[in-house]
S.K.: 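Sharing a structure with you now.
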2 protein chains.
Amino acid sequence: MNTDMDKGAQVLKLLGDRTRLTMMKILESQDCCVCEFTAIFNLSQPAVSQHIRKLKDARLVTETRRGQWVFYSLNKDTEDYPLVRDILNHFPGQAGRLKELEQQGLRIFCD
Amino acid sequence: MNTDMDKGAQVLKLLGDRTRLTMMKILESQDCCVCEFTAIFNLSQPAVSQHIRKLKDARLVTETRRGQWVFYSLNKDTEDYPLVRDILNHFPGQAGRLKELEQQGLRIFCD
DNA sequence: TCATCATATAAGAATATACTTATATATTCA
DNA sequence: TGAATATATAAGTATATTCTTATATGATGA
């Protein structure tokens, strides 16, 4: 509640892009790395990195390196998260996008 | 629930602007006309009209002419409204902006 | 160490956005 | 009808956004 108008508008602008909105919705269900997003969206790897950079700069996502890969997660520890959560709740789950990847053998599993 | 990603991203992009977001929040409490918005925001009248046009084109607001003035209202009869409502709930009320206008004698009352 | 894979950054181009000023349209009222 | 007021549209400009390709950085494993 009571998010500042300017900061809030900034968050909305970031989510106001089909690619970033879908990324966030995917991250809602599972962590994901750049190469997976690159396989999901019909976009170059730099384009994906640049979208993620914006989300990261706004602290909407956090990153964790796991070996060769950098995995991204929703950042639930920010004052913007309640707004983000409420927004994402209005959109259909995107787990299917990851399922497709898995069937194509493109899903990254590591531990 | 289950707003289409593309349409939803478009709505978020429209709200992802300080001016339009504040307009929508103001409209949440009362209908308003262009000249009032022009007094509230430090913007030219055409700039205000152009912002409203976008909101109107997306059917987020509706217009009603009352004599000389055109009043705008939140459109609650659209599939996007639940998303809009949930978003606006995260922001502080902007009734103060209208109160200031009233004190300056700039508030439009008609009927 | 060197080749490979994943990711990030830089630079440039096409397009979109948000203003401005000038002007057109619509309504009111003397 | 004609002046005044409210709003919309047009045209132009500055800046922001989102891609692309080329290249740099970082980690892995033979």
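Just so it is clear: chains get the letters A, B, ... in the order the sequence lines come, proteins before strands, and each one is counted from 1.
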S.K.: Quick check for you: among D:dA8, C:dA8, C:dC19, whose closest atom lies nearest to any side-chain atom of B:E63?
M.R.: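 So the side chain of B:E63 is nearest to D:dA8.
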S.K.: Of the nucleotides D:dT20, C:dT17, C:dT20, which has the atom closest to the A:Q50 side chain?
M.R.: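 From the listed options, D:dT20 comes nearest.
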S.K.: Identify which nucleotide among C:dT20, D:dA8, D:dT9 has an atom closest to any side-chain atom of B:Q45, counting heavy atoms from C-beta outward.
M.R.: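 Closest nucleotide to the B:Q45 side chain: D:dA8.
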S.K.: Would you kindly compare B:K56 and A:R20 by the position of their nearest DNA chain D nucleotide and give the one closer to the 5′ end?
M.R.: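 Comparing both residues, the 5'-ward one is B:K56.
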S.K.: Given C:dT7, C:dT21, D:dA8, identify the nucleotide with an atom nearest to the side chain of B:V34.
M.R.: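 Within the option list, the nearest is D:dA8.
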S.K.: Walk me through whether B:D31 and B:R66 qualify under salt bridge (charged side-chain N to carboxylate O under 4.0 Å, His left out).
M.R.: CA-CA 11 Å; B:D31 293 356; B:R66 293 191 208 155; 3.2 Å; yes
S.K.: Just call it for B:I52: base, sugar-phosphate, or nothing, with non-hydrogen atoms closer than 4.0 Å on any strand.
M.R.: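 If one applies the 4.0 Å heavy-atom cut-off, B:I52 turns out to touch nothing in the nucleic acid.
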S.K.: Among C:dC19, D:dG26, C:dT17, find the nucleotide with the atom closest to the side chain of B:K54.
M.R.: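 Side chain of B:K54 sits closest to C:dT17.
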S.K.: Passes salt bridge (charged side-chain N to carboxylate O under 4.0 Å, His left out), B:K7 versus B:E79? Steps please.
M.R.: CA-CA 10 Å; B:K7 263 195 97 253; B:E79 59 176 1; 3.3 Å; yes
S.K.: Counting heavy atoms from C-beta on, name the nucleotide in C:dT20, D:dT5, D:dC19 closest to the side chain of B:P46.
M.R.: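 Of C:dT20, D:dT5, D:dC19, C:dT20 is nearest to the side chain of B:P46.
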S.K.: Could you work out which one of C:dT20, C:dA6, D:dT7 sits closest to the side chain of B:S44?
M.R.: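 In terms of side-chain proximity for B:S44, the closest of C:dT20, C:dA6, D:dT7 is C:dT20.
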S.K.: Students often get this wrong, so: under 4.0 angstrom with heavy atoms, is A:Y72 touching a base, only sugar-phosphate, or nothing?
M.R.: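 Since only primed, P, OP1 and OP2 atoms lie under 4.0 Å of A:Y72, the category is sugar-phosphate.
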S.K.: Looking at the side chain of A:H51, which of D:dT18, D:dT28, C:dT27 is the nearest nucleotide?
M.R.: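 Nearest nucleotide to the side chain: D:dT18.
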S.K.: Measure from the side-chain heavy atoms of B:V70 and tell me the nearest of D:dT7, D:dT17, C:dT17.
M.R.: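 Nearest to the side-chain atoms of B:V70, counting from C-beta on, is D:dT7.
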S.K.: For DNA chain D, whose closest nucleotide is more 5', that of A:R65 or that of A:D17?
M.R.: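 Nearest nucleotide further toward 5': that of A:D17.
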S.K.: Do we see a donor-acceptor contact under 3.5 Å between the side chains of A:Q94 and A:R97?
M.R.: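 Yes - a donor-acceptor pair under 3.5 Å links their side chains.
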